[in-house]
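Lettering follows sequence order; numbering is per chain, from 1. Quick caveat: nothing in here was measured; it's all calculated off a predicted structure.
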Amino acid sequence: MARYNPKETEPKWRAAWDAAKVFEAGPPAPGKPKYYVLEMFPYPSGRLHMGHVRNYALGDVIARFKRARGFNVLHPMGWDAFGLPAENAAMERGVDPKAWTYDNIARMRSELKELGLSIDWSREFATCDLAYYGQQQAWFLELFKTGLVYRKEGVVNWDPVDQTVLANEQVVDGRGWRSGAVVEKRKLNQWFLRITDYANDLADSLATLDRWPDKVRTMQENWIGRSKGLRFKFNFSDPAPPDFAEGLEVYTTRPDTLYGASFVGVAPDHPLAEQIAAQNPAAAEFIAACRKGGASQAEIDTAEKIGFDTGLTVAHPFDPSWRLPVWIANFILMDYGTGAIFACPAHDQRDLDFARKYGLAVKPVVLPPGEDPATFEVGDEAYTGPGRIFNSQDLDGLDVETAKAAAIAKIEAQDQGQGATVFRLRDWGVARQRGWGCPIPVVHCPACGVVPLPASALPVALPDDLEFGKPGNALERHPTWKHTACPTCGAAALRETDTLDTFVDSSWYFARFTNPDSASPIDKAAADYWLPVDQYVGGIEHAVLHLLYARFVTKALADQGMLSAKEPFAGLFTQGMVTHETYRRQSGEWVEPKDLELYSEGQTRRARLIATGEPLVVGDIEKMSKSKKNTVAPEEIFEVYGVDAARLFVLSDSPPERDTQWSNAGVEGAWRFVNRVWAEVESQPAGPYETGPDDPAADAVRRGSHRLIKAMTEAIESFRFNSGIARLYEFLNLMKEHKAQGASSALLAARAEALSAFARLIAPFTPHLAEECWVQLGQSGLVVDAPWPDFDPALTQDAVVTLPVQVNGKRRGEIQAPAGAEPAEVEKMVLDDPEITRRLEGLTIRKVIVVKDRIVNIVAA
RNA sequence: GCCGCCGUAGCUCAGUGGUAGAGCGCAUCCUUGGUAAGGCUGAGGUCCAGGGUUCGAGUCCCUGCGGUGGCACCA
């Protein structure tokens, strides 16, 4: 009996799949529904890590399963290839970013191919291919024509380490998402995509994405931050300051509490505050103090509310004789709403904190249910719940929602403002001051201004001789590239040297995959056939960034008539990370898993250095990272255990959406499973088998097999791959119970049928092993071309079932009954059973509950 | 502060209102021509705590505790 040898079998089957081109997506075919499976494409860093293995193994299970179920499957792969790491490598090692990137792609491609993924490699492309980014320039110019692309000077987030601008989405806790550097504010001329035009649609259609995790939808909803309210102007009581003759505009979501107004506040960088500061040194000093506050989240959290009374007053819109003081307050944000608010301390915690500190009025106007208007008071906690409006003249007695509408109507009737929807979402700044990216296809002409290039001038290719030896924009530095002629007037002009954010590159690649050779950016017929992606798989870290941009670009391109899909990804699955225990020496140094051995002392797990035997501290389980030295290189695992065992293990241990812990013991368990499967298949003698009388063992194997088919089908459809794999382990135990040696002919036949199904069931997880088993079992063709096995519902349960019998909910015995026995019949059997009746002596039976094929419960007293 | 998720065997985790499960680890034994191994058998459970719904709760509801993730002066 030969041991299973993945080093021999795995390359053999990959070659067989390649030769048969089995994974190339077919043309539309009647009766063969399409299914588009896509994993987030990788950045070509040069090395495959375990996170990639899990991500692509997950997607591959779906793709192979859907193929077996008769779908026309598209499962492509490409490279998110522009971006800073290439420039950093260029700077550190003096290599050419383009060569570095394509070398990495070559290496990672061969590693990914080694994984045995069912990918249609004929569609592969990289975003740094001129054929791709040239088409991106083409649709960028289409959006330019419609006004969705625009340029403005604005305050931007500047990453001082990467020396580039970042979008709001790319600033996390005041730091750059890649570099971790504290982000600075700078005023720059910038290119923007008008994502805010789609804010309502992006928020509304989240409801249609019913195969997305709620968590991601909530995160996008929060990010878009739609709020409905009222925008209106306060008139100044006394002569208005210059520039404010029209009044001071504020935004509120609580117009119902207008009669509880206590003061009006503006942000420290509000134009009014700046105007006052210009003449008032105390105000200027206050504003400077506000700016000194740190930008980090912790500092913002703990920052005390401080204010400055401007001495100005405004008139309450419903009672012009009522004067409200105008304060400058540090808790008001210039970039939300209008940068100015009216404060109702009784019903807003921030306003209340401020009012208590400065002794401003606190007048409740919403009466909580059950409270007495004569005695209700607000202490240190604002009341933000529902209730009846009081102390509010004509609004009295209304509920909160009705009062909001009434107050808005009133303001609108006075022509002082109107109902408004405000978003937290900002337009997407897409220009980056980088050389290794997609050039923005416009020129700057001294006479004509900003001129978009005509289609005939595309693509705008990057030069091959960029110098990346120092920080900054290599494209800007290039001696000749930017010098060109204006396409309108022919005069000397300069090319735009900014390139596009790499999130633009990844915002439409899924559409390009539907026909990567199209002469237009998107082949509409192909896109309309394949889109939306039926199942998208990737990390939760892109919940807002990539997934929001891709949704927006899809909608924008659809509005240009370039495709018809309303959403890019109908189903989204966010997988967890691969983690590993950490180990340190007593001195605190991290130790790599391969340098240590684990052992047990009783129930305690311990670790020691292999080289010296030095005891180690077993630390926390953390995401694999180089800094903690808790990484495991996939290729080393493939070398020892084969690809199938590695794939199986990353899918077996945890539900796919949760983190999974890599361990050597775990992959060894998977490796043993691979060998046991092979041993089981090899021990099965070749058919045909003699006919013989049926036998209970044959029946057990048959029923077990049909139960397994049902369970696996359901497990894959509901992303419970780990549960499905657990069932594979259980079924293998059953097969070992009923082994081939000495088996009856009936059992041999049942085993043969079960093993044939088993080979197809393991194929999505361990595809090479499945092929090897398929051949060994005497089946023809490839298992990837075999249909998914069906199950007979009648065979998914035992002929005779054991029913536990409870008395008053406590287990008191059991009976054997034929499967599917009617409750009345079972009840009779139970009440005839001497063991049960003995338990019921002296009790009166109130009720007998029979759950078919599950349990019997007798309620007695 | 707000919104999630998690808490089940020593560890990592399944578990669909109806008999408490898997892998690894641990123990015993067998095998030593499957051997850088393989196999048999077994022990091990306050299903985080408390309350509720139910004939019946690991599962549904409420409260609390612990862990973890996301969002957050967003008017």
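- Listed pair A:Arg672 / B:C24 meets the phosphate criterion, a side-chain N or O lying under 4.0 Å from OP1 or OP2.
- Cation-pi geometry between A:Lys305 and A:Phe331 is met: under 6.0 angstrom from the ring centre, within 45 degrees of the axis.
- For the residue pair A:Asn630/A:Thr582, the side-chain donor-acceptor check at 3.5 Å is not satisfied.
- The gap from the P atom of B:G50 to that of B:C65 amounts to 15 Å, rounded to the nearest Å.
- The P atoms of B:A20 and B:U46 are separated by 14 Å, rounded to the nearest whole Å.
- You'll find a donor-acceptor pair under 3.5 Å spanning the side chain of A:Lys305 and the base of B:C73, going by distance alone.
- A:His546 and A:His542 have perpendicular rings, their planes meeting at more than 60° on a 0 to 90° scale where under 30° would count as parallel.
- When Watson-Crick and G-U wobble pairs are counted only if both distances are under 3.5 Å, B:G23 pairs with B:C11.
- Taking only side-chain atoms of A:Glu730, from C-beta outward, the nucleotide of B:A22, B:G18, B:C74 with the closest atom is B:A22.
- Base-pair partner of B:A36: not found among the strands shown (Watson-Crick or G-U wobble, both distances under 3.5 Å).
- Here, B:U16 and B:G21 have their C1' atoms 14 Å apart, quoted to the whole Å.
- Between A:Arg226 and A:Glu221, no side-chain nitrogen of the basic residue sits less than 4.0 Å from a carboxylate oxygen of the acidic one, so the salt-bridge criterion is not met.
- Atom P of B:U63 sits at a distance of 11 Å from the matching atom of B:C3, rounded to the whole Å.
- The distance between atom CG of A:Asp348 and atom P of B:C2, rounded to the nearest whole Å, is 15 Å.
- At whole-Å resolution of the value, CG in A:Asp353 and C1' in B:G1 are 11 Å apart.
- Among the protein residues, A:Asn733 comes within range of the sugar-phosphate backbone only, with heavy atoms under 4.0 Å from sugar or phosphate atoms but none that close to a base.
- Crowding of A:Glu717 atom CD: a count of heavy atoms from other residues, nucleotides or ligands under 6.0 Å exceeding 12.
- Pair assignment for B:C55 gives B:G18, based on Watson-Crick or G-U wobble hydrogen-bonding distances that are each under 3.5 Å.
- Residue contacts for A:Thr252: at a heavy-atom cut-off of 4.0 Å it reaches the sugar-phosphate backbone alone, with no base atom in range.
- Atom C1' of B:G45 sits at a distance of 15 Å from the matching atom of B:G7, rounded to the whole Å.
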* Asked: Would A:Phe731 and A:Tyr729 count as a ring-ring contact (aromatic ring centres under 6.0 Å, His included) if you check the C-alpha gap in whole Å, the side-chain angles of each, and the deciding distance to 0.1 Å?
  -> CA-CA 5 Å; A:Phe731 182 74; A:Tyr729 277 82; over 10 Å; no
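- Rounded to a whole angstrom, the distance from the P atom of B:A22 to that of B:A43 is 12 Å.
- The nucleotide B:G66 finds its pairing partner in B:C6, both defining distances of the Watson-Crick or G-U wobble pair being shorter than 3.5 Å.
- Taking atom C1' on both B:G10 and B:G25, the two are 7 Å apart, rounded to the nearest angstrom.
- What separates CD1 of A:Ile849 from C1' of B:U54 is a distance of 9 Å, to the nearest Å.
- Comparing the P positions of B:C26 and B:C11 gives an interatomic distance of 15 Å, to the nearest angstrom.
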* Which parts of nucleotides 11-17 of chain B does protein reach within less than 4.0 Å, heavy atoms only, written one letter per nucleotide 5' to 3' as B for base, S for sugar-phosphate only and - for none? -> -SSSS--
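- Classification of the A:Phe263-A:Trp327 ring pair by plane angle, with boundaries at 30° and 60°, yields perpendicular.
- Within 3.5 Å, no donor on the side chain of A:Asn222 pairs with an acceptor on the base of B:C71, nor the reverse.
- Rounding to whole angstrom units, CH2 of residue A:Trp223 and C1' of B:C3 are separated by 17 Å.
- Among B:A75, B:C40, B:C74, the nucleotide with an atom closest to any side-chain atom of A:Arg350 is B:C74.
- Put simply, CD1 on A:Ile408 is 14 Å from C1' on B:A75, counting in whole angstrom units.
- Comparing A:Arg676 and A:Val859 along RNA chain B, the residue whose closest nucleotide (by nearest heavy atom) sits nearer the 5' end is A:Arg676.
- Picking from B:G70, B:C55, B:A75 the nucleotide with the shortest atom distance to the side chain of A:Met219 gives B:G70.
- B:C71 and B:G1 make up a base pair, with Watson-Crick or G-U wobble contacts both under 3.5 Å.
- In this entry the distance linking CD1 of A:Ile725 with C1' of B:C24 reads 15 Å, nearest Å.
- For the pair A:Phe234 CZ and B:A75 P, the interatomic distance rounds to 17 Å; values are reported in whole Å.
- With a 6.0 Å radius and a threshold of 12 heavy atoms from other residues, nucleotides or ligands, A:Lys623 has its NZ atom at or below the threshold.
- Residue contacts for A:Ile540: at a heavy-atom cut-off of 4.0 Å it reaches no nucleic acid atom on any strand shown.
- Listed for the A:Asn675 side chain is a donor-acceptor partner under 3.5 Å among the backbone atoms of A:Trp671.
- For the OP1/OP2 pair of B:A75 and a distance below 4.0 Å, the side-chain nitrogens and oxygens of A:Tyr251 include no atom meeting the criterion.
- The separation between A:Asn675 atom CG and B:A36 atom P is 14 Å, rounded to whole Å.
- For the side-chain contact (heavy atoms from CB on, under 4.5 Å) test with A:Leu651, the passing option among A:Val53, A:Val61, A:Asn722 is A:Val61; the others fail.
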